[in-house]
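Take a look at the structure set out below.
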Amino acid sequence: MYKIGFDNDKYKSLQSSRIRERINEFGGKLYLEFGGKLFDDYHASRVLPGFQPDSKLQMLLQLKEEAEIVIVINAQDIEKAKLRGDLGITYDDDVVRLIGEFTNIGLMVGSVVLTKYTPSSRVEAFEKRLEAMGYPVYHHYVIEGYPSNISQIVSDDGYGKNDYIKTSRKLVVITAPGPGSGKMATCLSQLYHENKRGIKAGYAKFETFPIWNLALRHPVNIAYEAATADLNDVNMIDPWHLEAYGKTTVNYNRDVEIFPVLKATFDKIYGECPYKSPTDMGVNMAGKCIVDDEACREASNQEIIRRYFKALCASVNSPAAKEEVYKLELLLNQAGITETDRKCVVWARQVEKRTNAPAAAIELNNGEIITGKTSELLGCSSAMLLNALKNLAGIDDETFLILPEVIKPVQKLKTEYLGNHNPRLHTDETLLALSISAATDSNAAAALAQLKNLKNTEMHSTVMLSPVDESTLKKLGVRITCDAKTKKQKIK
């Protein structure tokens, strides 16, 4: 059942104000390392219901007259043609996409930095592409002894050999297409160069998760560990903060581990470090904008379970994913939940047991559960989808939205002419048939109008969905889990 737990407007206001405060604390110039996704932060919107996927972007727009964006990409990722798994495009193509997205909404992109730079044909072609678009490109190099040899790093043979990035605004947002791009090193390199030029500048980090002022084992923070199970990130009490202030805050292992290096770097550049802990570096205000803790706890528990099912399905074809499954099992235990705390899982499995065929169930935003079973005409996801739309439109369950005589010719097309073995309609085919029926049938039209109300609903299938079904349902905003078996596997 979907309930708002996060005040998005308060977040945008508080967050932009906090960043302005940090700019002033450093005398008027701040390099802000921006972790996570600026666009489409769907993880945050799932675990903090009410958080809009573009909230961080909207927050930055409140600072757009003061901000410029520097995009960082690891040259080695260009050479390897590294892909963004969620978008299916290379990191270099994503840099171009990000430039377009930022400029289209009025944010200034100042330049692009190639970290760990070594020349190659792919890298040089990318540089020429950016220069043709009118964007300066800077080179940062591999520094011997990084990150532990501070005297080497903070010297003319370390940061000093990197290009100085020319910036013109108070707030310089350092972002990247993905992890491992070198955002922090870029920020620190700039502090070294600015200091040599007599310009006072500071560094801060904007990372949404883990949320520093929630408990270590709060489900929102456990959900972050679940989301990064493949990276082996671990939430932990910030020992530096506890020692300095006697207060318990939450951070994660990589920031805690790198803090001594960052502190020593600040000491070397400025004579002292302005921060006493990794938590001090952050500017995240999300924890202060939770208005219904119970709603956020429940949403986060569902996210942990979803991540678990996703890893289980991945492990069917990738043995390496089993390590991720084991970690997620531990996180389920820490959260005190099991897979059956997801209501739609229980209902779908009950239908499968009764019919001895694949089944699906969806929990609507009002908490009602609607199921679908496999038939000669429809797959279980398609049946569930039509049943849910009937329910939302107040249409009797026995009413046909798509007549069998409409479905059968489509099945004939699929099997006899297109060579498909499965005659049952997928969800996209079902929606097309429903759209055609809506032209002459008021019930079909009423059902079609309810598609918008499937957003933020929870669904489970007792078999792994086909790519087309998964894609269609995700476009409708349905949050999906599946049991880790295929339709060909025997139902037990």
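- Salt-bridge annotation for Glu101 and Arg97: present, with a side-chain N of the basic residue lying under 4.0 Å from a carboxylate O of the acidic one.
- No salt bridge links Arg306 with Glu339; every basic N to acidic carboxylate O contact stays at or beyond 4.0 Å.
- The backbone N or O of Ser16 sits nowhere less than 3.5 Å from a side-chain atom of Gln62 that would complete a donor-acceptor pair.
- With no hydrogens or angles considered, a side-chain donor-acceptor pair links Ser55 and Asn8 at under 3.5 Å.
- Between Glu303 and Arg479 there is no salt bridge, since no side-chain nitrogen of the basic residue lies less than 4.0 Å from a carboxylate oxygen of the acidic one.
- Arg84 forms no cation-pi arrangement with Tyr91, by the criterion of a distance under 6.0 Å to the ring centre and an angle within 45° of the ring axis.
- Around NZ of Lys200, the count of heavy atoms belonging to other residues, nucleotides or ligands within 6.0 Å does not exceed 12.
- A donor atom on one side chain and an acceptor atom on the other are not found under 3.5 Å apart for Asp483 and Thr462.
- The shortest side-chain heavy-atom distance between Leu331 and Leu328 falls under the 4.5 Å cut-off.
- Ion pair Arg342/Glu458 flagged as a salt bridge, since at least one NZ, NE, NH1 or NH2 atom sits closer than 4.0 Å to an Asp/Glu carboxylate oxygen.
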Between Lys196 and Asp156, does the salt bridge (Lys or Arg N to Asp or Glu O under 4.0 Å) criterion hold? Intermediate values first, please. CA-CA 10 Å; Lys196 289 199 73 172; Asp156 288 345; 2.8 Å; yes
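- The shortest side-chain heavy-atom distance between Ile165 and His140 falls under the 4.5 Å cut-off.
- Summarising the geometry, atom CG belonging to Leu465 is positioned 8.0 Å from atom OG1 belonging to Thr427; distances are rounded to the nearest 0.5 Å.
- Within the 4.5 Å cutoff, the side chain of Tyr159 has heavy atoms near those of the Tyr146 side chain.
- Annotation: side chain of Cys482 is in contact with side chain of Ile480 (closest heavy-atom distance under 4.5 Å).
- Looking at Ser151 and Asn149, their side chains do bring a donor and an acceptor atom within 3.5 Å of each other.
- The existence of a salt bridge linking Glu324 and Arg307 is excluded, since no basic side-chain nitrogen approaches an acidic carboxylate oxygen closer than 4.0 Å.
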Please step through ring pair (Phe, Tyr, Trp, His ring centres under 6.0 Å) for the pair Phe51 and Phe6, ending with a clear verdict. CA-CA 6 Å; Phe51 184 105; Phe6 187 84; 5.5 Å; yes
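- In terms of modelled atom types and a separation under 3.5 Å, the side chain of His193 and the main chain of Asn162 share a donor-acceptor contact.
- The distance from the CZ atom of Arg424 to the OG1 atom of Thr374 is 6.0 Å, given to the nearest 0.5 Å.
- Under a 3.5 Å cut-off, the side chain of Lys170 and the backbone N or O of Leu30 do not form any donor-acceptor pair.
- Side chain of Asn365 to main chain of Lys455: a donor-acceptor pair is present (N/O by atom type, distance under 3.5 Å, no hydrogens or angles).
- Residues Tyr11 and Lys56 meet the side-chain proximity criterion, which asks for heavy atoms closer than 4.5 Å.
- Summarising the geometry, atom CG belonging to Asp163 is positioned 10.0 Å from atom NZ belonging to Lys166; distances are rounded to the nearest 0.5 Å.
- Side-chain contact between Asp233 and Phe209 is absent, with no heavy-atom pair separated by less than 4.5 Å.
- Under the 4.5 Å side-chain criterion, counting only non-hydrogen atoms from C-beta, Asp92 is in contact with Ile73.
- Counting heavy-atom neighbours within 6.0 Å of Lys327 NZ, excluding the residue itself, gives a total above 12.
- In this structure the side chain of Leu216 never reaches within 4.5 angstrom of the side chain of Asn221, judged on heavy atoms.
- Ionic pairing of Glu25 and Arg22 is present here: one or more N-O contacts between side-chain nitrogen and carboxylate oxygen are shorter than 4.0 angstrom.
- Salt bridge Lys263/Asp267: present, at least one basic N to carboxylate O contact under 4.0 Å.
- Lys205 contributes no side-chain N or O that, together with a main-chain N or O of Met184, makes up a donor-acceptor pair within less than 3.5 Å.
- With hydrogens and angles ignored, the 3.5 Å screen pairs no side-chain donor or acceptor of Ser300 with any backbone N or O of Arg297.
- Distance alone, capped at 3.5 Å, is enough to place a donor-acceptor pair between the Thr430 side chain and the His426 backbone.
- Arg169 places no side-chain N or O within donor-acceptor distance of the main-chain N or O of Glu68, the cut-off being under 3.5 Å.
- Looking at Glu470 and Lys474, a side-chain N of the basic residue comes within less than 4.0 Å of a carboxylate O on the acidic one, giving a salt bridge.
- Note: Tyr2 OH to Gln302 CD = 13.5 Å, rounded to the nearest 0.5 Å.
- With hydrogens and angles ignored, the 3.5 Å screen pairs no side-chain donor or acceptor of Ser315 with any backbone N or O of Ser318.
- Paired with Leu385 under the rule side-chain contact (heavy atoms from CB on, under 4.5 Å), one option of Leu454, Leu378, Ile362 passes, and it is Leu454.
- Residue Glu257 holds its CD atom at 10.0 Å from OH of Tyr252, rounded to the nearest 0.5 Å.
- Side-chain N or O atoms of Ser17 include one that pairs as donor or acceptor with a backbone N or O of Ser13 at under 3.5 Å.
- Look at Asp93 and Arg129 and you find a salt bridge, because one of the NZ, NE, NH1 or NH2 atoms lies within 4.0 Å of a carboxylate O, short of that distance.
- At most 12 non-hydrogen atoms from other residues, nucleotides or ligands lie less than 6.0 angstrom from NZ of Lys310.
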